[in-house]
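Here the structure is a predicted model, which means the values were calculated and not measured.
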Amino acid sequence: MAEYFTDLLPRVLSRRTVLKTALFGAAGLTLATLTKGCATAPALGFPTIYPNTDDKITLPEGFEHGVVIRWGDALDGGENLDWNRIHQTVTEADVQRQQQCFGYNCDFVGYQTTPDGKHLLVVNHEYTNPELMFQTVGDRPNQWQAALQREAHGLSIVEIAKNTKGGWQYVKGSPYNRRITGSSLCEISGPAKGHPLLKTAAEPTGTRVNGTLNNCSAGKTPWGTVLTCEENFHTYFGGSDSNLTGMVKELHKRYDIPNERADRYGFYLYEDRFNIEKEPQEAFRFGWVVEVDPLSPDRAPIKRTALGRFRHEAATTVIAPDGRVVVYMGDDERFEYAYKFVTKGKYQANDRAANLNLLDEGELYVARFNDDLTGEWRAIARVEGSTITPNPNLPTAFQQDPALCFIYTRAAADALGATKMDRPEDFEWNPVTKSVWLALTYNEKRKAQATDGANPRPENVMGHVIEIIEQGNNPTALQFQWRLPLLCGDPTASEQNRQLVLYGAPTNGEVPPISAPDNLTFDRAGNVWIATDGNPGSERLGKNDGVYVLNPFRRELKMFLSGVPGCEICGPEFSSDYQTFFCAIQHPGEGAKSTADLPTRWPYGEEVVVPRPAVIAVWRRDGREVSA
Ligand code: FEO
Ligand code: CA
Ligand code: CA
């Protein structure tokens, strides 16, 4: 694939030409003609499917799927949640059962094997849908409905085993099984540990916090831990900010706290720490990347504050040639930023314990994309031991209190002229192309005058994908080049900014429409697997969300999976032999106002009145690798 790395656009192109090229495939000067594909690379080994609105999982011919685990399945040896009764009424005993049962709205799915040959999935539980869980929730949940939702957040670690059909099922009662919820004890480490802003009346040391919330996507580290990401953490904090002053008020405003969605969960009605009138500082203890060790059930999750505080979508790692570890991260909000963190220390392949605190020291950067297809990483701050060195160009507040670089990361990025992106979602190093892929899900609020090279579409309702090529293909580099392999859309759309553009060229109607790219993963060949979030009932495609595969060598796009009504698809992941594809079917039925109005009760199977978020496995009937 050597030619893949040399086919960057010539840097002499003017911005105007670049934009025309990226957007419209200008005649005679398309990315496709300026750059070479690799026609000898293997083609995707399945026929594409197309978006639909069916109440079933759709796959190409020759594939099967099965449910691995669903909301409420017991991880211990006890009873499953009684969904039907919970639909009517929730008790304290149900809340306690939820602490031992698979949580709601599964997002990230991480597969790994254990030293004793077992197979584990680590699964995030991003949020809850009270309107789908409970028949009568009213404007606000009652005490037990709120508590059950809190315990359905967090993540699950669960052992799985192959079944006789070719799929997988979870192992009930495995000693590896574990729930971490919105109330589990977590530690705080890194530059913000013990900072005055992280201290609360109930926990005056600023070193511990109960719970991790809104765990969206995540990443696996080379040393076998998982970095689970607190995304929309602001949505749990309610109350009035009218009595707040100074830095506390300013920070909360920049992070959208208090938030109207707090009523949906109701935590702040029953727990003072979520009510900013009663406890103004609990929210500073959320919005972090949290490291979890699936192999150590007794070890508390650790909030790694050196990775900054924002709406963390995911945190994916790669080992640089010199052994340092680089973590790529997106802040999923309109006009927010793409970041990376480079560790001070080096990964030790044969010394797991030496890697367990690597993420507490290093340097945090934010991305600036230039219109000439170049870009740079601008340093926010470096942390080494107890010394924090902020970028000297940051305003006085950051020089006087350097830990603010990590607590108030968004404002530091503002001050450094970082590029405001169209909602950065997954951001991942592709080990085959040795480039970094960033999904930008959509941003309908971008005005024409605010477009730039990397976010070229006004009213970007369809989203796009950027590829970043770090200088020398080295993830620690501070300079990069970038291009737009995929502007999402419908090949048959009449409006230009809703059309599908692949490597600068429009496509024909045989290519499946795609929009709202969110989670990414790669198969053994380096193909880019893209899960989408945002189509059902929207102005985008108005069809079910799905999974697509971009072959970056042949410049080919196919659709692999379609979900059920209302769901997004998350956590695309492969087993280590690439014979199984795992993904999460999150919030099936979302969009319905109540359970009287459901478009789906997926995954069926029992006398159950509500749909249930679940993880599924997909495999080929003939046993070959999924993408072969
Ligand atoms: Fe939870 Fe950005 O998706
Ligand atoms: Ca996501
Ligand atoms: Ca999303």
For Leu520, does its backbone N or O pair with a side-chain atom of Asp426 as donor and acceptor, under 3.5 Å? yes
Distance-minimising heavy-atom pair for Ser538 and Gly534: OG-O, 3.0 Å
Looking at Glu79, I'd like to know if its CD atom is crowded, meaning that more than 12 non-hydrogen atoms belonging to other residues, nucleotides or ligands lie closer than 6.0 Å. no
Measure from the side-chain N and O atoms of Arg70 to the backbone N and O of Ala614, and report whether any donor-acceptor pair falls under 3.5 Å. no
Determine, for Glu203 against Arg273, whether the closest basic-nitrogen to carboxylate-oxygen distance falls under 4.0 angstrom. no
Would you call Tyr176 and Val171 a side-chain contact if the rule is heavy atoms closer than 4.5 Å? no
Exceeds 12 heavy-atom contacts within 6.0 angstrom, atom NZ of Lys220: yes
Answer yes or no on whether Arg309 is positioned over the face of Tyr255, meaning its NZ or CZ is under 6.0 Å from the six-membered ring centre and within 45° of the axis. yes
With the threshold set at 4.0 Å, does a side-chain nitrogen-carboxylate oxygen contact exist between Arg311 and Asp332? no
With the side chain counted from C-beta on, respond yes when Thr532 and Asp545 share a heavy-atom pair under 4.5 Å apart, and no when they do not. yes
Is a salt bridge present between Arg178 and Asp293, judged by a nitrogen-to-oxygen distance below 4.0 Å? no
Do any N or O atoms from the side chain of Thr205 and from the backbone of Thr207 form a donor-acceptor pair under 3.5 angstrom? yes
Any non-hydrogen side-chain atom of Glu425 less than 4.5 Å from a side-chain atom of Ser217? no
Salt-bridge test for Arg621 and Glu64: reply yes if a basic N is under 4.0 Å from a carboxylate O, no otherwise. yes
In the structure I gave you, are the side-chain heavy atoms of Phe286 and Asn214 within less than 4.5 Å of one another anywhere? no
Heavy-atom closest contact (Pro424 atom, Leu438 atom, distance): CB-CD1, 4.0 Å
Pair Phe581 and Phe560, ring centroids less than 6.0 Å apart: yes
Asn544 side chain to Asp54 main-chain N or O, any donor-acceptor pair under 3.5 Å? yes
When rounded to the nearest 0.5 Å, the distance separating CG of Asp533 from CD of Glu126 is 8.0 Å
Whether the side chain of Glu279 engages the backbone of Ala201 through a donor-acceptor N/O pair (distance < 3.5 Å, no angle test) should be reported. yes
Under the criterion side chain to side chain donor-acceptor pair (under 3.5 Å), I'd like the reasoning laid out for Asp94 against Trp144: C-alpha separation, chi angles, the key distance, then a yes or no. CA-CA 8 Å; Asp94 295 323; Trp144 301 123; over 6 Å; no
Nearest-0.5 Å distance, CE of residue Met133 to CG of residue Asn105: 8.5 Å
Look at the rings of Trp429 and Tyr328 and say which category their plane angle falls in: under 30° parallel, 30 to 60° tilted, over 60° perpendicular. parallel
Any residue meeting salt bridge (charged side-chain N to carboxylate O under 4.0 Å, His left out) with Lys278, in chain and number order, not counting sequence neighbours: Asp272
Out of curiosity, Arg179 CZ to Leu75 CG, how far, rounded to the nearest 0.5 Å? 7.0 Å
Check whether more than 12 heavy atoms from other residues, nucleotides or ligands sit under 6.0 Å from atom NZ of Lys172, and answer yes or no. yes
The residue among His312, Lys303, Arg285 that forms side chain to side chain donor-acceptor pair (under 3.5 Å) with Glu230 is Lys303
Decide yes or no on side chain to side chain contact (heavy atoms under 4.5 Å, CB included) for Val626 and Phe63, but give the supporting numbers first. CA-CA 8 Å; Val626 169; Phe63 288 87; 3.9 Å; yes
Which atom of Ala192 lies closest to which atom of Trp288, heavy atoms considered: CB-CH2, 3.9 Å
Would you confirm whether the ring centroid of Phe102 sits within less than 6.0 angstrom of the ring centroid of His125? yes
Given the rule in the side chain to side chain donor-acceptor pair (under 3.5 Å) test, do Ser627 and Asn527 qualify, once you have shown the distances and angles that lead to the verdict? CA-CA 9 Å; Ser627 65; Asn527 297 310; 4.7 Å; no
Pairwise side-chain contact, Pro611 with Leu598, heavy-atom cut-off 4.5 Å (strictly under): yes
Any chance you could lay out the side chain to side chain contact (heavy atoms under 4.5 Å, CB included) test for Ile302 and Val290, step after step, and finish with the verdict? CA-CA 5 Å; Ile302 303 174; Val290 188; 5.9 Å; no
With a 6.0 Å cut-off on ring centres, are Phe284 and His252 close enough? yes
Could you go through Arg423 and Asp518, starting from their C-alpha distance and side-chain angles, then the distance that decides it, and tell me whether this counts as salt bridge (charged side-chain N to carboxylate O under 4.0 Å, His left out)? CA-CA 9 Å; Arg423 287 189 58 190; Asp518 186 340; over 6 Å; no
Under 4.5 Å between any side-chain heavy atoms of Ile188 and Lys193, yes or no? yes
Can you find a heavy atom in the side chain of Pro603 that is under 4.5 Å from one in the side chain of Ile57? no
With rounding to the nearest 0.5 angstrom, report the CD1 to OG1 distance, Ile319 to Thr343. 9.5 Å
Rounded distance (nearest 0.5 Å) linking atom CZ of Arg264 with atom OH of Tyr127: 6.0 Å
To the nearest 0.5 Å, what is the distance between CG (Leu561) and OG1 (Thr58)? 7.5 Å
Nearest heavy atoms of Cys106 and Ile585, plus distance in Å: SG-O, 4.2 Å
Any sub-3.5 Å donor-acceptor pair from Thr221's side-chain atoms to Val226's backbone N or O? no
Would you say the side-chain atoms of Arg620 pair up with the backbone N or O of Ala628, donor to acceptor, closer than 3.5 Å? yes
Can a donor-acceptor pair be found between the side chains of Asn259 and Thr235 at a distance below 3.5 Å? no
Do Arg352 and Thr225 pass the side chain to side chain contact (heavy atoms under 4.5 Å, CB included) test, and can you show the C-alpha distance, the side-chain angles, and the key distance before you say yes or no? CA-CA 10 Å; Arg352 186 169 195 259; Thr225 62; 3.9 Å; yes
Side chain to side chain donor-acceptor pair (under 3.5 Å) evaluation trace for Thr181 with Glu151: CA-CA 5 Å; Thr181 76; Glu151 297 309 308; 2.7 Å; yes
Answer yes or no: is there a donor N or O on one side and an acceptor on the other, between the side chain of Trp71 and the main chain of Ala152, under 3.5 Å? no
Would you say Lys118 has more than 12 foreign heavy atoms packed within less than 6.0 Å of its NZ? no
I'd like to know if Arg624 and Asp622 make a salt bridge, using a cut-off of under 4.0 Å between side-chain N and carboxylate O. yes
With a 3.5 Å distance limit and no angle check, can you tell me whether Gln281 reaches the backbone of Leu197 through a side-chain donor-acceptor pair? yes
Does a donor on one side chain and an acceptor on the other come within less than 3.5 Å for Thr212 and Asn215? yes
Determine whether a donor-acceptor pair (N or O, by modelled atom type, separation under 3.5 Å) exists between the side chain of Gln98 and the backbone of Cys101. yes
For the residue pair Gln88 and Val609, establish whether any side-chain heavy-atom pair is separated by less than 4.5 Å. no
Kindly state whether the ring of His234 and the ring of Tyr236 have centres lying under 6.0 angstrom apart. no
Candidate list Phe233, Tyr265, Tyr104, test ring pair (Phe, Tyr, Trp, His ring centres under 6.0 Å), partner His153, passing option: Tyr265
